[in-house]
Number of protein chains: 2
Amino acid sequence: MRVSAKAEYACRAVLELTRYHEKAEVIHIGDIAVRQSIPEKYLVQILLQLQRAGLVKSKRGATGGYALARAPGEISLGDVIRAMDGALIAVESLSDDTNVSDQMSGQHVLKNVWMDVQDRLGEIMDGITFDEISRQAQKSLSMYYI
Amino acid sequence: MRVSAKAEYACRAVLELTRYHEKAEVIHIGDIAVRQSIPEKYLVQILLQLQRAGLVKSKRGATGGYALARAPGEISLGDVIRAMDGALIAVESLSDDTNVSDQMSGQHVLKNVWMDVQDRLGEIMDGITFDEISRQAQKSLSMYYI
DNA sequence: TATCATGTTGACTAAATTAGTAAACTAACG
DNA sequence: CGTTAGTTTACTAATTTAGTCAACATGATA
């Protein structure tokens, strides 16, 4: 089960926006790209996708940029993955329309298994918010200043 | 998070072998391929990989074929996915060696998040055995005979 | 022991997906 | 207006995945 670079970039972008959420200002794409080592032109697409999913908002023009659309505690890992991939788990049998003849093969049964796994993975991923992730980042970072 | 066709094929192959496990006989690759609609030449690779992971065993020669290496109740979904992909979750930051400078970016923090998710996904997937999956298959199949 | 049906291995190719780039466009501020 | 920054669409390159092939090894059996 592979997590795409795109999905991880998206998480890093949201994490970066989380750090600036208190200040209620927008950040430029370029700044996010530099600070999180994400190819800027690629990040353009990612942020637009996050925006269409309602996770971030933008301000256009000279003083423009991006900010989170809601509080970091209200944005979960699952939200971001779903915004990028459409669903938490992508597997052939989940997208296929299954017919009765498939009953004989393992396809239909496995479809149910994947749906079950997806639900339970959802419970895990929806329980991890960027508020928590960000706090954990501060914590592990502070260890270097003791 | 994408599950490859290869991983799903592997699950279907193990499911097919589960059905014949009681009889303690081997099944030919060709039969598994036909019954589970898997390209035979591709299945060859998959079964070898499952064998190297110790999940199936083979008998060579004229009366050869494949069988499960242990009871279906002792083979989990997690076992099969790990046999195919090496780990449950493949993500750039998990394979990378992280250095201190990465602390500043989200890479290091996310690495911990992915490891956490992987552990918890493992608990889910290791709890789903092919014995159960097979029984569920029988159950849903029998509905068509009422 | 010849042979035939099977598993084994590694190299290869084609298709699909992912990752990344470019450029023209639109909106807002000064 | 000019400059800065987001928007959109199209394109390309790189990588991964899916699948094929052919030569080989093994074991049952006639």
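Note on naming: letters A, B, ... go to the chains in the order of the sequence lines (proteins, then strands), and numbering restarts at 1 for each one.
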- Across the strands shown, which category fits G30(B) at heavy-atom distances under 4.0 angstrom: base, sugar-phosphate, nothing? nothing

- Message: Go nucleotide by nucleotide along DNA chain C from the 5' end; which of V44(A) and V3(A) gets its closest nucleotide reached first?
- Response: V3(A)

- Query: Base, sugar-phosphate, or nothing for L47(B), non-hydrogen atoms under 4.0 angstrom?
  - Reply: nothing

- Task: Could you tell me which non-hydrogen atom of A83(A) sits nearest to which non-hydrogen atom of Q49(A), and how far apart they are?
- Result: O-NE2, 3.4 Å

- Task: Give the rounded distance in Å between these two atoms: CE of M84(B) and C1' of dA18(D).
- Result: 14 Å

- Hey, does the side chain of Y9(A) come within less than 4.0 Å of dG20(C)'s phosphate (OP1/OP2), counting only N and O? yes

- Separation of H28(A) atom NE2 from dC29(C) atom C1', in whole Å? 13 Å

- Take atom CD1 of I29(B) and atom C1' of dT20(D), then tell me their distance rounded to the nearest Å. 14 Å

- Note on the structure: Taken to the nearest whole Å, CG/L48(A) to C1'/dA22(C) is 15 Å

- 5'-most contact on DNA chain D (nearest-nucleotide basis), R2(A) vs I27(A), goes to I27(A)

- Would you call V3(B) and R2(A) a side-chain contact if the rule is heavy atoms closer than 4.5 Å? no

- Task: Would you kindly give the OH-to-P distance between Y42(A) and dT15(D), to the nearest whole Å?
- Result: 14 Å

- At under 4.0 Å, does any side-chain N or O of S58(A) touch on OP1 or OP2 of dT7(D)? yes

- Query: Between Q51(A) and dG6(D), is there a side-chain N or O to OP1/OP2 distance below 4.0 Å?
  - Reply: no

- Query: To the nearest Å, how far apart are K41(B) NZ and dG7(C) P?
  - Reply: 11 Å

- Atom CG of L43(A) and atom OG of S37(A): how far apart are they, to the nearest 0.5 Å? 11.5 Å

- Note on the structure: Which of dA28(D), dA19(C), dT7(D) is nearest the side chain of Y66(A)? It is dT7(D)

- Are R19(B) and E16(B) within salt-bridge range, i.e. N to O under 4.0 Å? yes

- Query: Which part of the nucleic acid does G64(A) contact within heavy-atom distance under 4.0 Å: base, sugar-phosphate only, or nothing?
  - Reply: sugar-phosphate

- Message: OP1 or OP2 of dT8(D) versus the side-chain N and O atoms of R60(A): is any pair under 4.0 Å?
- Response: no

- Over how many whole Å does the gap from D85(B) atom CG to dT17(D) atom P extend? 8 Å

- So OG of S58(A) and CD1 of I29(A): to nearest 0.5 Å the spacing works out to 9.0 Å

- Query: Quick one: L43(B) CG to dC21(D) P, roughly how many Å, whole number?
  - Reply: 16 Å

- Item | Nearest-nucleotide comparison on DNA chain C, the residue closer to the 5′ end among E40(A) and T63(A) | E40(A)

- Query: Is the distance from OP1 or OP2 of dA18(D) to the nearest side-chain N or O of Q45(B) less than 4.0 Å?
  - Reply: no

